[in-house]
Number of protein chains: 2
Amino acid sequence: MTSHIILTGDRTTGPLHLGHFVGSLQNRLAFQDKHTQFLMLADAQALTDTDHDVVHRNVLEVALDYLAVGLDPAKNTIFIQSQVPELSELTYYFMNLVTVARLERNPTVKEEIRQKNFQRDIPAGFLAYPVSQAADITAFKATAVPVGADQAPMIEQTNEIVRRFNALAGKDVLLETRAIIPQTGRLPGPDGKAKMSKSQGNALHLSASPDEITQFVKSMYTDSKHLKINDPGQVAGNAVFTFLDAFEPDISFVDDLKAKYRKGGLADSVIKQHLEVRLQELIAPIRNRRLELAKDPAHVMQILKAGTARARTVAAATLGEVKSALELDYFS
Amino acid sequence: MTSHIILTGDRTTGPLHLGHFVGSLQNRLAFQDKHTQFLMLADAQALTDTDHDVVHRNVLEVALDYLAVGLDPAKNTIFIQSQVPELSELTYYFMNLVTVARLERNPTVKEEIRQKNFQRDIPAGFLAYPVSQAADITAFKATAVPVGADQAPMIEQTNEIVRRFNALAGKDVLLETRAIIPQTGRLPGPDGKAKMSKSQGNALHLSASPDEITQFVKSMYTDSKHLKINDPGQVAGNAVFTFLDAFEPDISFVDDLKAKYRKGGLADSVIKQHLEVRLQELIAPIRNRRLELAKDPAHVMQILKAGTARARTVAAATLGEVKSALELDYFS
């Protein structure tokens with residue numbers, strides 16, 4: 001794999017959870033040694049549908065999660081979106097390159113509008129957020145963007161804007177990007193069905209206490225027909241096995257457990273105990289580092305300040321090229 | 001009249017003409033001694049529907065028009081919109097305060113979409129330009145904005161955003177504004193009907209040569225039934241009288257002319273000659289100052305640079321208050 005410039009990040013609407021760990025943080029940890037990675041705390045984007053006090057508070061929370069899992073500020077540029085004003089300026093100009101009808105057709109936006117129940121009261125900022133994303137991606141000349149499969153249309157939207165801009169400029173000012181779609185499926189909540197998410201209230205945070213982990217595992221669904229230990233049990237759709245697949249590195253051990261469970265004779269309490277050990281082991285060092293880091297929030301903000309300054313330098317260079325191509329450079 | 005902070009300006013899509021002089025420049029000349037006036041060269045807004053090379057070129061042209069008619073850079077803050085990035089940042093955040101449906105209902109935008117024949121292909125930036133205007137107006141805490149009667153809904157849109165923002169902030173960060181709707185009607189082209197405009201190709205520029213003025217007056221419609229000098233003539237809808245009303249300060253002289261014309265015995269050539277004298281007198285000093293100023297475009301750009309710096313200071317202060325109210329001030 002060639003070296004990429006990657007833009008990724010999270011809306012700062014809540015602390016991160018195990019679903020983020022499996023779906024994105026693990027990949028970022030792998031990427032940070034091979035690629036140039038920009039990690040964006042997307043507070044401005046979060047404001048399109050979340051109250052500002054929630055958004056503000058969670059900038060620090062998400063930053064703590066990043067640092068606690070081992071994302072290294074020396075290897076990554078961790079920055080706060082709203083503190084890079086070049087991104088809103090790019091958004092402003094890109095808005096002329098996309099029609100309202102095209103934004104309304106965007107399948108990701110359509111689905112989110114349905115989920116959020118906006119009906120006709122879609123905030124203009126929400127409809128325009130693919131344009132804002134295009135600004136974020138192109139500002140850093142990102143060559144790859146890790147996204148869920150359902151977010152792939154956003155990348156296509158970005159590339160349309162890139163092509164329109166470059167055609168307008170008469171030269172390749174902006175770079176097309178590509179989606180990195182993770183191999184791992186989405187982690188469900190304890191019922192094994194709905195995906196883990198803050199809004200579903202089924203998330204196990206990366207800062208979970210030992211007791212919260214225990215309670216979470218206890219609440220997990222297994223096979224509702226597996227009433228007696230000696231009954232054969234179902235593995236498919238069994239949340240505990242879904243989690244073991246995600247968190248138990250010893251695959252043949254999990255395969256053995258599955259075989260025994262299918263055959264009958266393996267208690268739910270046993271597989272849950274295995275899982276709990278793994279989760280306690282996984283989360284303990286993250287929680288501890290997080291508690292340590294949380295003692296000095298000013299230090300974390302200092303890291304974000306430095307990252308934001310680096311991000312601004314890159315974004316300002318791109319904005320300069322964009323404004324120069326639009327002949328908006330009167331005083332230089 | 002109490003002293004106002006006024007924001008006004010022009011999209012930089014072409015040099016200004018007599019219609020602008022009557023409709024806005026004259027008012028600005030009166031305002032500059034009584035009010036704090038921000039004059040915006042709206043290049044960014046012009047980009048929503050005009051090619052960037054046209055927009056770029058006309059920044060200087062419009063600035064020359066401003067200075068040539070006597071708008072004084074010591075009394076006004078003359079600035080280039082795109083060089084005040086705070087305005088796009090404000091636009092970005094205000095986008096969350098207005099729904100797509102509300103923007104689509106805006107009567108001014110609706111009419112312009114019809115005129116420009118955008119159909120379904122409305123650029124997102126065009127639909128959002130009332131939000132951008134709200135950013136411009138509130139950035140300078142403008143208490144008054146001179147607009148045509150058809151633009152009054154834009155002011156209402158701004159005030160809606162102001163009220164929503166202040167409610168969100170829990171305090172009055174932004175100021176509501178009010179429209180100043182000029183008393184004078186819109187100046188028509190030489191046919192006395194269609195309003196004078198660049199797009200209609202019926203405009204007499206403020207830089208018109210003596211010969212262009214002569215030709216313009218020659219081409220003017222009078223009363224198509226006034227075939228013989230001694231026939232009674234119509235004054236209403238007679239473009240020459242419309243112009244005399246606008247440009248001949250001696251009202252009783254015009255009243256006498258009208259009476260004679262109605263009675264019969266006054267040749268079209270005579271009233272045209274009066275008008276031509278007035279227009280030559282009006283335009284000659286503007287044209288001469290303009291030619292003089294155009295010899296040193298660097299000096300004009302220096303004026304715009306200084307004005308833009310002043311405008312940025314004001315806009316940055318407002319943006320700071322806005323971002324602080326949204327708790328987007330992590331590093332201060």
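Every chain is numbered from 1 and lettered A, B, ... according to where its sequence line falls, protein lines coming before strand lines. Just so you know, these numbers use all the heavy atoms, side chains as well, and skip hydrogens, waters and symmetry mates.
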Is [X] in contact with chain B via its backbone, its side chain, both, or neither, using a 4.5 Å heavy-atom distance?
| X | value |
| --- | --- |
| A:Ala325 | backbone |
| A:Leu47 | both |
| A:Leu90 | neither |

Side-chain touch B:Met95/A:Thr91, heavy atoms, less than 4.5 angstrom: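 Side chain of B:Met95 against side chain of A:Thr91, heavy atoms only: no contact under 4.5 Å found.
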Test item: A:Gln83 and B:Leu328 side chains (from C-beta on) under 4.5 Å apart, heavy atoms: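 A:Gln83 reaches B:Leu328 side chain to side chain.
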What is the minimum heavy-atom distance between [X] and [Y], and which atoms define it?
| X | Y | result |
| --- | --- | --- |
| A:Lys323 | B:Ser82 | NZ-O, 2.6 Å |
| B:Val100 | A:Glu104 | CG1-OE2, 4.1 Å |
| B:Glu89 | A:Ser88 | CG-OG, 3.2 Å |

Chain B neighbours within residues 296-310 of chain A, where any heavy atom lies under 4.5 Å away: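 Those residues of residues 296-310 of chain A which have a heavy atom under 4.5 Å from chain B are A:Met301, A:Leu304, A:Lys305, A:Thr308.
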Residue B:Leu60 versus chain A: region with a heavy atom under 4.5 Å: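 Neither part, no heavy atoms under 4.5 Å.
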Chain A contact via B:Tyr93 - which portion, at a heavy-atom distance below 4.5 Å: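 The side chain, not the backbone.
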Evaluation steps, side chain to side chain donor-acceptor pair (under 3.5 Å), between A:Ser132 and B:Tyr92: CA-CA 9 Å; A:Ser132 171; B:Tyr92 187 97; 2.7 Å; yes
By side chain to side chain contact (heavy atoms under 4.5 Å, CB included) - contacts of B:Asn166 (at least two apart):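 Expected list: B:Val162, B:Asp172, B:Val173, B:Leu174.
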Spacing of B:His56 atom NE2 and A:Glu327 atom CD [to the nearest 0.5 Å]: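 These two atoms lie 5.0 Å from each other.
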Closest-packed option against chain A by number of heavy-atom pairs under 4.5 Å, given B:Pro85, B:Pro123, B:Ala124: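 Maximum pair count with chain A is reached by B:Ala124.
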Which of B:Asp51, B:Val59, B:Leu103 touches chain A most, by non-hydrogen pairs under 4.5 Å: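 Among B:Asp51, B:Val59, B:Leu103, the one with the most close pairs to chain A is B:Val59.
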